[in-house]
2 protein chains.
Amino acid sequence: MTSQTVGHGVRPGLPDDPRAAVAAPSPSCPVEIALDALRGRWTTLVVRELLRGERTFTELRQALPALSDKVLSDRLAHLAGAGVLVRTRQAGWPPRTRYRLTPRGRRLGPVLQALWDWGAEPE
Amino acid sequence: MTSQTVGHGVRPGLPDDPRAAVAAPSPSCPVEIALDALRGRWTTLVVRELLRGERTFTELRQALPALSDKVLSDRLAHLAGAGVLVRTRQAGWPPRTRYRLTPRGRRLGPVLQALWDWGAEPE
DNA sequence: CAGCATCCATTCAGATACTG
DNA sequence: CAGTATCTGAATGGATGCTG
């Protein structure tokens with residue numbers, strides 16, 4: 001009854017891991033780090049798009065037509081700061097910038113899948 | 001190279017599942033449903049606390065001393081609406097209300113673990 | 001093409017004060 | 001004990017217009 005421990009206890013495991021014993025929201029809590037990376041409207045859709053392959057700014061806008069360039073710009077900067085993607089500028093005209101996920105960004109795949117699975121459950 | 005498919009491909013799988021083909025944030029997207037359930041400061045800490053066992057309002061406040069009763073009240077109502085927890089009132093005085101996770105709420109354990117694991121990775 | 005600057009409406013968290 | 005009501009300040013998100 002008391003032995004919940006997440007099921008297939010390989011990991012330290014929430015909620016009993018000592019590092020989970022915080023009494024207030026903390027930027028160094030791994031859960032907060034992950035949720036912060038995904039924070040904001042459109043963020044997961046941008047990541048989903050990049051999980052399919054690298055994209056330019058315009059390609060992202062075309063894939064998400066209702067997303068304004070201001071917010072897209074915000075999201076890309078935020079995800080870059082979180083180490084999820086990298087921006088590559090190419091010299092010349094017209095300017096071309098490509099966005100692609102880092103290895104860390106690609107590892108968001110299973111995380112989004114876990115969220116998807118939970119949200120897709122009936123009830 | 002193109003076969004990402006999340007690794008242990010049992011599920012339909014993001015990002016290629018047809019239901020992931022939305023072009024704008026949608027409340028019916030499973031990922032949005034899950035992130036919405038966890039949305040808001042303190043939310044994951046409340047869930048973590050309840051993963052350890054059922055709690056009363058006061059016990060939650062004691063576990064999270066910096067959390068105001070207004071926000072705690074908001075979070076509990078939100079999580080109840082998301083089907084994560086249930087509230088049980090006991091008649092009599094003083095009033096006693098217990099909060100405990102639903103089966104669906106308990107299934108957030110692995111989701112939080114996935115977030116934790118990602119956020120705990122170096123770099 | 002790929003963006004940043006500015007402005008505005010809305011949402012949110014926290015503080016304070018009050019009830020069944 | 002277990003909340004709700006109200007208010008304020010801060011943080012979004014989106015629209016519009018302008019540049020390297």
Side-chain angles (χ1 to χ4, degrees), chain A residues 22-27 29 31-33 35-47 49-50 53-82 85-100, chain B residues 22-27 29 31-32 35-47 49-50 54-82 85-100:
Chain A
V22 291
S26 156
C29 168
V31 171
E32 306 256 335
I33 290 169
L35 287 176
D36 182 74
L38 296 175
R39 186 188 43 179
R41 213 153 115 83
W42 296 98
T43 306
T44 57
L45 294 180
V46 171
V47 173
E49 208 51 36
L50 292 173
E54 62 174 49
R55 295 283 188 273
T56 65
F57 194 88
T58 301
E59 286 168 346
L60 289 169
R61 285 221 312 205
Q62 286 168 347
L64 305 169
L67 171 56
S68 76
D69 55 356
K70 185 265 204 178
V71 174
L72 175 54
S73 187
D74 287 352
R75 293 299 170 269
L76 292 170
H78 178 75
L79 290 168
L85 58 80
V86 287
R87 171 185 315 207
T88 313
R89 308 185 102 105
Q90 258 154 341
W93 195 267
R96 197 140 255 257
T97 311
R98 281 109 102 39
Y99 294 90
R100 63 165 194 279
Chain B
V22 291
S26 156
C29 168
V31 172
E32 305 257 334
L35 286 176
D36 182 75
L38 296 175
R39 185 187 43 179
R41 213 153 115 82
W42 296 98
T43 307
T44 57
L45 294 180
V46 171
V47 172
E49 207 51 36
L50 292 173
E54 61 174 51
R55 294 285 188 275
T56 65
F57 193 89
T58 299
E59 286 167 347
L60 289 170
R61 286 220 310 203
Q62 287 168 348
L64 305 168
L67 170 57
S68 75
D69 53 357
K70 185 265 206 177
V71 174
L72 175 55
S73 187
D74 287 353
R75 292 299 170 268
L76 292 170
H78 179 75
L79 289 169
L85 58 80
V86 287
R87 171 185 315 209
T88 313
R89 307 186 102 104
Q90 259 155 340
W93 194 267
R96 198 138 253 259
T97 311
R98 300 147 25 78
Y99 294 90
R100 64 166 194 280

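Protein chains get the first letters and strands the later ones, always in sequence-line order, with residue 1 at the start of each. Keep in mind that this is a model prediction, so the values were computed, not measured.
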Worksheet item: From D:dA2, C:dA2, C:dC12, pick the nucleotide closest to the side chain of B:R39?
Response: C:dC12

Worksheet item: Mapping B:P25 and B:Y99 onto DNA chain D by nearest heavy atom, which one lands closer to the 5' end?
Response: B:Y99

Practice prompt. Identify which nucleotide among C:dA2, D:dG17, D:dT4 has an atom closest to any side-chain atom of A:D69, counting heavy atoms from C-beta outward.
Written response: D:dG17

Practice prompt. Report the C-alpha separation of B:R39 and B:H78 in whole Å, then their side-chain angles, then the decisive distance to 0.1 Å, and conclude whether the side chain to side chain contact (heavy atoms under 4.5 Å, CB included) test is met.
Written response: CA-CA 9 Å; B:R39 185 187 43 179; B:H78 179 75; 3.6 Å; yes

Worksheet item: Between C:dG14 atom P and B:D74 atom CG, what is the distance in whole Å?
Response: 11 Å

Worksheet entry | Short side-chain to backbone donor-acceptor contact, A:R75 and A:R41, under 3.5 Å | yes

Response to the item:
Of the listed C:dA2, C:dA13, D:dA2, the closest approach to the B:V71 side chain comes from C:dA13

Item to complete: Return the minimal non-hydrogen interatomic distance between A:W42 and B:A23, and the atom names on each side.
Response: CZ3-O, 3.4 Å

Item to complete: Could you pull out the closest heavy-atom pair between B:R61 and B:L67, with the gap in Å?
Response: CD-O, 4.5 Å

Worksheet item: With a 4.0 Å cut-off on heavy atoms, is B:R75 in touch with a base, just the backbone sugar-phosphate, or nothing at all?
Response: sugar-phosphate

Item to complete: Return no unless some side-chain N or O of B:R41 is found under 4.0 Å from OP1 or OP2 of C:dG14.
Response: yes

Fill in: d(CZ, B:R55; P, D:dC1) in whole Å
17 Å

Practice prompt. Using a 4.0 Å heavy-atom cut-off across all strands, classify A:R61 as base, sugar-phosphate, or nothing.
Written response: nothing

Worksheet item: Is a side-chain donor-acceptor pair under 3.5 Å present for A:R98 with A:T88?
Response: no

Worksheet entry | B:T58 side-chain proximity, nearest of D:dC1, C:dA13, D:dG14 | D:dC1

Discussion item. If you assign A:W93 and B:G40 each to the DNA chain C nucleotide with the nearest heavy atom, which residue ends up on the more 5' nucleotide?
Written reply: A:W93

Worksheet, complete the sentence: Of the candidates D:dG17, D:dG14, D:dG3, the side chain of A:W42 sits closest to D:dG14

Worksheet item: For DNA chain C, whose closest nucleotide is more 5', that of A:P95 or that of B:S68?
Response: A:P95

Item to complete: Decide yes or no, distance alone: a donor-acceptor N/O pair under 3.5 angstrom between the base of C:dA13 and the side-chain of B:K70.
Response: yes

Worksheet item: Does B:R87 place a side-chain N or O at less than 4.0 Å from the phosphate oxygens OP1/OP2 of D:dG3?
Response: yes

Worksheet entry | Phosphate-side-chain proximity, B:S73 and D:dT4, N/O vs OP1/OP2 below 4.0 Å | yes

